[in-house]
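Single-structure report; data block below.
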Amino acid sequence: MGLKLHNTFTRTKEEFVPVEKGKVKFYMCGPTVYDYIHIGNARAFIAGDVLRRFMKYIGYDVTYVLNLTDIDDKIIQRSQKEGVSTESITEKFSKAFFEDIDTLGIEKADAYPRATEHVEEIIVLIKRLIGQASAYQVGGDVYYDVSKFANYGKLSGKNIDDLRAGARVAVDEKKRNPHDFALWKNQKPGEPAWESPWGMGRPGWHIECSAMSMKYLGESFDIHAGGQDLIFPHHENEIAQSEGATKQKFVKYWLHNGFLQIEGEKMAKSLGNFRTVREIVKIYPGRVLRLFFLQKHYRSPIDLTDQGLQAAASASARLKIFYDKLNKVLGTIGNIRKEIDPKTLSKSETKFFDSFEKMKSALTEAMSDDLNTPVAISVLFDMVRETNKLLSRDDLTENEKMLLVYSKKNFDDFNSFLGLIDSKEESVDSKMVDALVTLLIELRNELRAKKEWELSDKIRDQLNAMGVVLEDKGRETEWRLK
RNA sequence: GGCGGCGUAGCCAAGUGGCUAAGGCGGAGGUCUGCAAAACCUCUAUUCAUCGGUUCGAGUCCGAUCGCCGCCUCCA
């Protein structure tokens, strides 16, 4: 079954057919680096990350580009308020952005173009639009003439007349049409500016994405993604600019993720419930946030609640405990034949193998159905349960050991795009910690042998309070971090 | 006003015409354990906001009603 994606442009689920066979050119609208990224940004970037990784997994050669908007009103405002340069603002928050997406387990994009590094390309594109009368200059400003683009409003399902009727913002008198938008903004005192044919100024917001996406991915490419709020006007305007200039289809598939609320309320700075990623990952690690988001469909609205995050944390812990245990058991098994010959399996082994094969295809199918991660994850939990049954036994047959290897292989495959287990994590246990915990376990087991339960329980409880969990298995005791 | 989305168990959430309505969290009981923990097993929606309609058959399609939410100039 092929991959299907919901295309905002057609409002339907469509079979994904790339512009160029086997390749995917994917542009994700990145952050404006004027503040720490918030939890809503995280959702969008996680969704993009999972889709990109899944496409790789099913064999596409994916080029993933995520831009950084490093010049705009909000950045200028903040720099003026703090009395520092715009560069010091954008540098600080770009760095923070990279740190944050790293804690969320998001893979590096192939390119992170910045608007200020592409002013030249932006100017070329604007000149092209002026040259064919799609844009006009008024003083030091340049506007896009919406009336010159027949399909304006197609993506967002709006028609210009309705918009005109609903316009509630004071119209800039320099514009010919109220919905014309700025491609180039004349410099105001104290603002950063670049030289251009229209004098000193800076790019409008929308034009950077057109210029940079086309530079890195070509004039016609596969996927352009972002939050639902970007549909209008941002992406609408990008289409107008790009197709107005090239006369070609700009983007084949437009993908938009749903919005997020905080405890039932819209997230807004004015409500004081703005939650940054770095604030939340202090309490819930990146893998928990990923699971929280991926247990819902990317296009649905989400309510971020503490109860919900805690549920995700429990579920995430279950996956982690499972995975660690699987690795531990496999570590004791040693080398084993990799290939499974279904003919040599016993009845119960065959049952395990067959159900796994079914689950594998169910999982891939769910992912292929417009990234149905909730279903994919439900299958993953089914796999965990089946494998746990084997893991709890200590009289494994050779075939069953092979099945465990096979289970891990599959789990790793799925984790390669879901990213629910962070192999980089751990490492909290230094040699010293390991030695100390081992010593305590030995002492406790001596006490247990003498049936001194009170003292031995005290050791276990105190360690638990410090985040070290002890698990007794007959005479052996294992430990792990909570 | 225009456009769009949603309402499924205590909570979260799949399912868009047809076997017993996925999965996670939480809860109850059980197996294992000295007791735990982890894991496993059983149970936890005769019912999908409400009311009509179409159909042999509807969370699933159509209509109405109620409730919630988003976008409509720079917030993902």
Please confirm whether the shortest side-chain N or O distance from [X] to OP1 or OP2 of [N] is below 4.0 Å.
X	N	value
A:N388	B:rC40	yes
A:S156	B:rC3	no
A:K296	B:rC11	no
A:R385	B:rC41	yes
A:R318	B:rC40	yes
A:N372	B:rA22	no
A:S300	B:rA14	yes

Short question: side chain of A:Q137, backbone of A:G139 - any donor-acceptor pair under 3.5 Å?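 At least one qualifying donor-acceptor pair exists.
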Using a heavy-atom cut-off of under 4.0 Å over every strand shown, decide if [X] touches base, sugar-phosphate, or nothing.
X	result
A:I39	nothing
A:Q295	sugar-phosphate
A:G308	nothing
A:D461	nothing
A:L291	nothing
A:R444	base
A:K185	base
A:G258	base

Suppose we call two aromatic rings close when their centres sit under 6.0 Å apart. Are [X] and [Y] close by that rule?
X	Y	result
A:Y406	A:F352	no
A:Y143	A:F181	no
A:Y253	A:F9	no

Please state the [atom1] separation for the pair [N] and [M] - nearest whole angstrom.
N	M	atom1	result
B:rA58	B:rU50	C1'	16 Å
B:rG59	B:rG7	P	15 Å
B:rA13	B:rG17	C1'	22 Å
B:rA37	B:rG30	P	13 Å
B:rU46	B:rU55	P	29 Å
B:rG70	B:rA14	C1'	22 Å
B:rA49	B:rC41	P	31 Å
B:rU60	B:rU8	C1'	11 Å

Report the distance from atom [atom1] of [X] to atom [atom2] of [N], rounded to the nearest whole Å.
X	N	atom1	atom2	value
A:N327	B:rA38	CG	C1'	16 Å
A:H256	B:rC75	NE2	C1'	14 Å
A:D303	B:rG70	CG	C1'	14 Å
A:Y34	B:rA76	OH	C1'	11 Å
A:I302	B:rC12	CD1	P	12 Å
A:Y36	B:rC75	OH	P	19 Å
A:K158	B:rU73	NZ	C1'	11 Å
A:H234	B:rC72	NE2	P	14 Å

Which one, [options], comes nearest to the side chain of [X]?
X	options	result
A:N257	B:rG26, B:rA76, B:rC35	B:rA76
A:K175	B:rA14, B:rU73, B:rA76	B:rU73
A:R480	B:rC25, B:rA37, B:rC74	B:rA37
A:K74	B:rA38, B:rC74, B:rG70	B:rC74
A:F381	B:rA76, B:rU73, B:rG23	B:rG23
A:K389	B:rC41, B:rC25, B:rC35	B:rC41
A:D457	B:rA76, B:rG34, B:rU73	B:rG34
A:F232	B:rC74, B:rC72, B:rC25	B:rC72

Which atom names give the shortest non-hydrogen contact between A:N67 and A:G30, and what distance separates them?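 Shortest heavy-atom separation between A:N67 and A:G30 comes out as OD1-N, 2.8 Å.
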Using purine N1 to pyrimidine N3 plus N6-O4 or O6-N4 for Watson-Crick, or N1-O2 and O6-N3 for G-U wobble, each under 3.5 Å, what pairs with [N]?
N	result
B:rA9	none
B:rG29	B:rC41
B:rC48	none
B:rC75	none
B:rG70	B:rC3

Does the ring of A:Y298 carry A:K296 above it, NZ/CZ under 6.0 angstrom from centre and within 45° of its axis?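 Because its charged atom misses either the 6.0 Å distance or the 45° angle limit, A:K296 does not stack over A:Y298.
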Report the residue (A:A311 or A:Q261) whose heavy-atom-nearest nucleotide on RNA chain B is the more 5′ of the two.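 By nearest-heavy-atom nucleotide position, the 5'-most residue is A:A311.
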Counting distance alone, no hydrogens or angles: does the base of [N] have a donor or acceptor under 3.5 Å from a partner atom on the side chain of [X]?
X	N	value
A:D472	B:rC35	yes
A:R460	B:rC35	yes
A:R43	B:rA76	no
A:R299	B:rG5	no

Flag side-chain contact, heavy atom, 4.5 Å: A:V469 against A:E478: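 They are not in side-chain contact.
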Listed by chain and number, what are the salt bridge (charged side-chain N to carboxylate O under 4.0 Å, His left out) partners of A:D395, not counting sequence neighbours?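 A:D395 satisfies salt bridge (charged side-chain N to carboxylate O under 4.0 Å, His left out) with A:R393 once adjacent residues are dropped.
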Is the aromatic ring centre of A:W453 closer than 5.5 Å to the centre of the six-membered base ring of B:rG34, with the two planes inclined by less than 30°?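 Stacking between A:W453 and B:rG34: present.
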Using 30° and 60° as the class boundaries, would you call the ring planes of A:W205 and A:H234 parallel, tilted or perpendicular?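 Parallel.
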Angle class for the A:W254/A:H235 ring planes (parallel below 30°, perpendicular above 60°, tilted otherwise)?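 Correct class here is tilted.
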Using the purine O4'-C1'-N9-C4 or pyrimidine O4'-C1'-N1-C2 torsion, is B:rG59 syn (within 90° of 0) or anti?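 Syn, angle within 90° of zero.
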